[in-house]
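Written below as structure tokens is the structure these notes are about.
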Number of protein chains: 4
Amino acid sequence: MTIDVAILGASGYTALELAKILLRHPNARVVAVTSRDEEQPAMADVHPSLTGRLDLRCEPFDPDTIAAKAQCVFCALPHGASMAAVRDLLARGVRVIDLSADYRLRDPNVYAEWYGASHADTENLEHAVYGLPELWADEISKARLIANPGCYPTSAILGLAPLLAAGDLIDPKGIIVDSKSGVTGAGRTPKLMTHFPECNENVEAYNVGWHRHTPEIEQILSDVSGTGVEVIFTPHLIPMDRGIFTTSYAPLQRTVDEKQLLEIFRDFYRGKPFVRVIEHLPATKDTVGSNFLDVTVRVVRQRAVVMSCEDNLLKGASGAAVQNFNLMFGFPETTALL
Amino acid sequence: MTIDVAILGASGYTALELAKILLRHPNARVVAVTSRDEEQPAMADVHPSLTGRLDLRCEPFDPDTIAAKAQCVFCALPHGASMAAVRDLLARGVRVIDLSADYRLRDPNVYAEWYGASHADTENLEHAVYGLPELWADEISKARLIANPGCYPTSAILGLAPLLAAGDLIDPKGIIVDSKSGVTGAGRTPKLMTHFPECNENVEAYNVGWHRHTPEIEQILSDVSGTGVEVIFTPHLIPMDRGIFTTSYAPLQRTVDEKQLLEIFRDFYRGKPFVRVIEHLPATKDTVGSNFLDVTVRVVRQRAVVMSCEDNLLKGASGAAVQNFNLMFGFPETTALL
Amino acid sequence: MTIDVAILGASGYTALELAKILLRHPNARVVAVTSRDEEQPAMADVHPSLTGRLDLRCEPFDPDTIAAKAQCVFCALPHGASMAAVRDLLARGVRVIDLSADYRLRDPNVYAEWYGASHADTENLEHAVYGLPELWADEISKARLIANPGCYPTSAILGLAPLLAAGDLIDPKGIIVDSKSGVTGAGRTPKLMTHFPECNENVEAYNVGWHRHTPEIEQILSDVSGTGVEVIFTPHLIPMDRGIFTTSYAPLQRTVDEKQLLEIFRDFYRGKPFVRVIEHLPATKDTVGSNFLDVTVRVVRQRAVVMSCEDNLLKGASGAAVQNFNLMFGFPETTALL
Amino acid sequence: MTIDVAILGASGYTALELAKILLRHPNARVVAVTSRDEEQPAMADVHPSLTGRLDLRCEPFDPDTIAAKAQCVFCALPHGASMAAVRDLLARGVRVIDLSADYRLRDPNVYAEWYGASHADTENLEHAVYGLPELWADEISKARLIANPGCYPTSAILGLAPLLAAGDLIDPKGIIVDSKSGVTGAGRTPKLMTHFPECNENVEAYNVGWHRHTPEIEQILSDVSGTGVEVIFTPHLIPMDRGIFTTSYAPLQRTVDEKQLLEIFRDFYRGKPFVRVIEHLPATKDTVGSNFLDVTVRVVRQRAVVMSCEDNLLKGASGAAVQNFNLMFGFPETTALL
């Protein structure tokens with residue numbers, strides 16, 4: 001069986017990664033890519049690495065055209081722009097995996113507070129499924145609309161979920177999430193902060209205390225925990241292309257050792273093909289180019305120090321999106337991802 | 001007045017930086033450099049960037065020879081090796097600035113515990129002054145032996161000292177120090193971890209929970225605070241040459257806002273030429289190549305989030321060493337450092 | 001059909017890339033990996049990115065054991081060490097793809113001159129096929145021993161072959177090959193030149209005038225040309241993990257324009273799936289992670305300026321090796337490589 | 001004696017480097033900086049590394065105001081914009097060091113051809129002195145207008161001048177200049193080509209056959225040679241902040257060996273403090289942060305292979321500008337540059 005798919009927002013890095021994965025997917029065929037570029041460039045001109053591999057031109061987005069061509073759409077539009085397109089596609093019976101933030105926050109008021117605009121599609125928002133297969137594979141398989149998780153949230157949530165699911169093991173109000181991300185996470189639009197001579201040979205923190213992934217992390221971890229979780233989230237920009245390293249600190253409320261904590265992680269992720277619970281300290285490089293998230297934990301002065309790594313464009317975006325696609329259409333979860 | 005100085009351990013990065021700064025110093029003359037290399041290479045062969053600038057060969061270390069030539073010695077030997085040389089030089093009346101860890105920990109038992117060997121020069125250890133001029137300029141000016149601070153401790157201590165000096169402002173037992181360092185901090189000896197294709201495009205944590213700078217940070221912050229300070233310290237390796245970014249998290253015990261915290265920092269560092277209390281978020285790049293430490297603070301969910309940046313080889317090592325040298329010999333503190 | 005294969009010399013980067021490609025290959029199964037490490041570590045401990053993916057321990061090389069297990073061996077041993085192993089394997093009927101330089105130079109005297117040791121397996125040397133599928137696919141399909149090309153030679157040869165095959169188009173004695181390579185090309189053994197703070201933020205040339213890939217380039221281009229080709233080859237080390245960019249300059253002996261030259265390239269590579277003749281200027285990044293070589297040409301002051309790019313570990317090593325494997329065993333040439 | 005100076009075009013990298021050097025200069029005082037930014041930001045907000053070091057706001061450029069304040073102006077405006085400002089300043093008696101390309105090409109027709117606009121100040125163009133102190137120190141000392149050389153030309157010219165000055169040693173029509181530059185050379189305005197994830201981990205050539213530094217190199221080398229020199233110039237972008245490595249290939253017309261060539265270089269640069277003729281292969285890193293140009297030469301197959309390195313922002317721009325300033329105002333040539 002082959003599913004015809006379209007990618008909206010073709011010019012960015014997540015679209016490129018989607019295209020590369022889907023070209024290897026035996027059950028998917030990319031039939032359309034869209035962008036706002038009025039010149040409708042060939043996809044291979046937008047992304048020269050696709051030369052000779054994907055013979056499509058970027059077309060303007062039209063819901064009828066896309067719905068006529070594709071059974072499933074990967075939406076890589078910016079937040080705000082995404083919800084208009086998604087609504088029109090769902091209305092035409094297309095299943096959608098949305099990589100923007102538009103359907104991640106359950107409460108439209110929280111969305112409005114953090115994204116500075118009211119939500120324009122609250123009806124579909126209610127039915128969106130948060131696309132973290134390690135937590136909600138069943139819901140994903142039946143979903144018509146997937147809110148694909150943010151790159152930072154994936155690393156933080158998968159690092160902390162086992163601890164929060166384990167009863168009163170850690171203090172849900174005292175969690176610190178210190179993340180280090182490669183520069184592709186900031187997108188493909190040139191700006192001073194990501195101009196090579198500015199961010200090369202440099203580390204800086206940004207959006208300290210008000211990064212938009214904070215409420216997303218808190219919402220999902222509260223779901224897992226059954227109680228209100230609060231995190232302090234600090235993202236840092238690292239001079240590398242890809243990779244997120246997240247170091248999370250959580251006060252332990254019971255006396256446990258590393259061995260016990262690792263066992264909790266192993267139990268939690270048993271049978272999940274893309275989370276590797278490891279004993280050595282992780283390194284982003286061991287996950288880059290793959291859909292794996294590597295995670296381990298240490299105990300230091302009565303705190304759990306969790307370290308989790310992923311490729312922000314794969315497990316943190318496009319890889320996870322295809323993982324969701326596989327679940328939605330009944331393909332083996334790892335198809336095209338190993 | 002010109003002080004004749006020698007540099008022990010000439011092959012490393014801190015020695016190179018010392019040489020470069022001292023070549024610009026109007027009151028210092030490098031008269032000898034030592035290394036264990038039996039071929040006694042020219043310093044410019046060890047560090048080609050010094051070609052035409054410093055015409056000295058590396059000689060084997062001999063305390064009598066060095067004491068006959070130099071009034072002050074910068075010791076850039078590894079810990080363990082340093083204390084033997086330092087003791088012999090002090091005995092000959094030479095003043096020493098030791099960049100190793102050998103004289104930083106006041107208690108020889110703590111040294112033995114963290115460095116895995118008993119201290120061989122406890123007599124001089126008693127009189128060593130911790131060379132952080134922002135805290136102990138007076139003691140430094142009279143010292144015969146300076147324990148030059150570690151690179152991570154400088155960033156952590158200068159970031160937290162104002163808060164700990166301000167009475168019961170933060171909880172001294174709940175501090176987290178999450179540091180990100182460039183690769184020069186790991187020294188110049190090739191190993192797999194610092195082999196380019198291993199650490200480029202990579203972030204990893206290392207020595208989590210047992211890095212040797214932990215007791216150093218705790219000792220000095222306890223001095224500042226007047227009470228026992230405990231920190232969780234996590235160092236990360238970042239793919240860049242130089243720079244340390246330290247993000248410290250401290251639970252606030254009183255309600256204060258950012259403005260008040262910044263005022264505390266400004267008061268604390270008034271008149272200190274190399275600490276810049278800034279309002280914007282710092283970036284390591286703004287300090288690299290200089291002796292400045294940039295620091296700012298935010299309040300997030302009742303925690304002070306302090307961010308401090310420095311060049312690990314300058315303010316974190318050789319720059320601080322020359323700053324100490326200036327104080328010891330009565331030169332303006334900023335000589336050769338601006 | 002599944003071919004059982006072994007990888008000799010498991011600790012290096014080419015072995016890792018071989019493992020990753022072969023894990024995706026529907027007709028290959030990695031049944032053994034060897035290394036000299038006496039502790040016989042798990043492959044996933046040597047290369048943590050393979051965690052959970054390849055459950056093999058490194059075993060010492062024994063020709064009987066390997067021959068009993070594997071029908072085909074990828075030899076990623078250093079030159080010199082390779083020929084002993086290869087000879088023993090061929091004697092036991094195993095087909096071998098050798099990634100070292102041991103079987104690339106047809107004349108044992110040239111080998112001795114450039115590699116500083118006499119050749120120990122001249123018998124098999126005679127029958128080795130140079131594994132550049134764009135030039136010798138037929139010979140490769142029948143070969144029992146493939147000399148897999150060097151990374152620099154692949155980029156230089158594929159860039160210049162169309163011009164040299166076109167009669168008297170360029171002067172075969174006046175060719176300059178200026179190459180820029182990422183650091184993985186220097187292998188995985190730590191040394192000062194590839195220590196991160198030495199080669200990061202740095203460009204340098206090395207082995208100018210006597211790099212061992214020079215006679216390899218000249219031999220193959222002379223084969224293509226039918227006359228003695230001479231090149232000046234200058235390799236440069238670039239601060240990136242992967243990628244070779246080769247700029248070749250060849251004096252034109254006839255008046256042609258770019259369009260004509262591009263047509264010559266297109267004709268030459270028609271039907272070759274991994275060479276992309278492009279009109280825009282190439283960039284290494286567009287080939288990294290793939291088995292493609294991108295090439296274009298310009299005319300400047302009566303010289304052809306050819307620019308060719310590849311991933312040095314894939315098209316320049318392990319990707320080409322699997323391409324050869326596919327041809328040898330009758331699988332489609334692109335299997336596991338797209 | 002203190003010279004009051006102004007910097008026009010304050011927002012770029014060359015302006016920042018000028019400010020840093022001039023802050024260390026005992027005989028210069030930066031009294032004004034200009035930019036088009038209507039908000040007139042503080043220089044330390046434009047370049048945070050200057051925080052606490054230079055207390056000036058960017059003002060709009062007004063020739064009367066600047067002429068009233070400054071005796072010498074460093075013009076770091078883009079080409080085209082520069083000549084209008086320079087003309088107005090010269091008319092008011094201010095001496096100018098122009099870092100743009102506007103006064104480098106002697107022939108206004110050549111300027112028009114390569115820069116796509118006719119020259120608007122041909123009167124001053126006639127009297128401009130090309131600011132390469134190693135060639136024209138006398139003229140520089142008397143000049144009222146210096147055309148500061150381009151970054152690539154400095155490396156190519158200083159690498160080839162000794163050979164071209166030596167009679168018929170090399171063929172002046174057969175020279176190839178293959179340059180590799182860090183990204184600061186492309187300026188500080190964000191664009192896709194210099195967006196971190198595009199140029200990091202990448203090498204590419206650009207403007208092949210038509211880079212604007214070509215006529216500049218040819219003009220100056222023709223001056224040196226006394227005959228018309230032609231070069232093929234190929235610039236490449238390298239993922240590093242700073243540094244240019246230029247590899248030049250020139251056909252030898254006489255039989256000479258490396259020793260003799262090195263002697264020619266040493267003779268040519270005797271007494272020039274910033275050119276280091278070395279025997280080992282150069283590395284950009286050994287010159288970065290300094291005003292040195294390192295150069296060496298090899299003989300390969302009857303060609304001189306010259307390798308020259310510099311910091312593109314220092315010897316290739318702002319360092320050379322201050323070197324010119326020193327000569328113009330009678331200060332020792334190395335002031336503030338060592």
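Residue numbers begin at 1 in each chain, while the letters A, B, ... track the order of the sequences.
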Return the minimal non-hydrogen interatomic distance between D/His195 and A/Thr194, and the atom names on each side.
CE1-OG1, 3.1 Å
Could you tell me whether the side chain of D/Phe196 reaches within less than 4.5 Å of the side chain of A/Met193, counting heavy atoms only?
no
Taking heavy atoms only and a threshold strictly under 4.5 Å, list by residue number the residues of residues 181-191 of chain D that touch chain A; give 'none' if the list is empty.
D/Val183, D/Thr184, D/Gly187, D/Arg188, D/Thr189, D/Pro190, D/Lys191
So with a 6.0 Å cut-off around CZ of D/Arg36, is the heavy-atom count from everything else above 12?
no
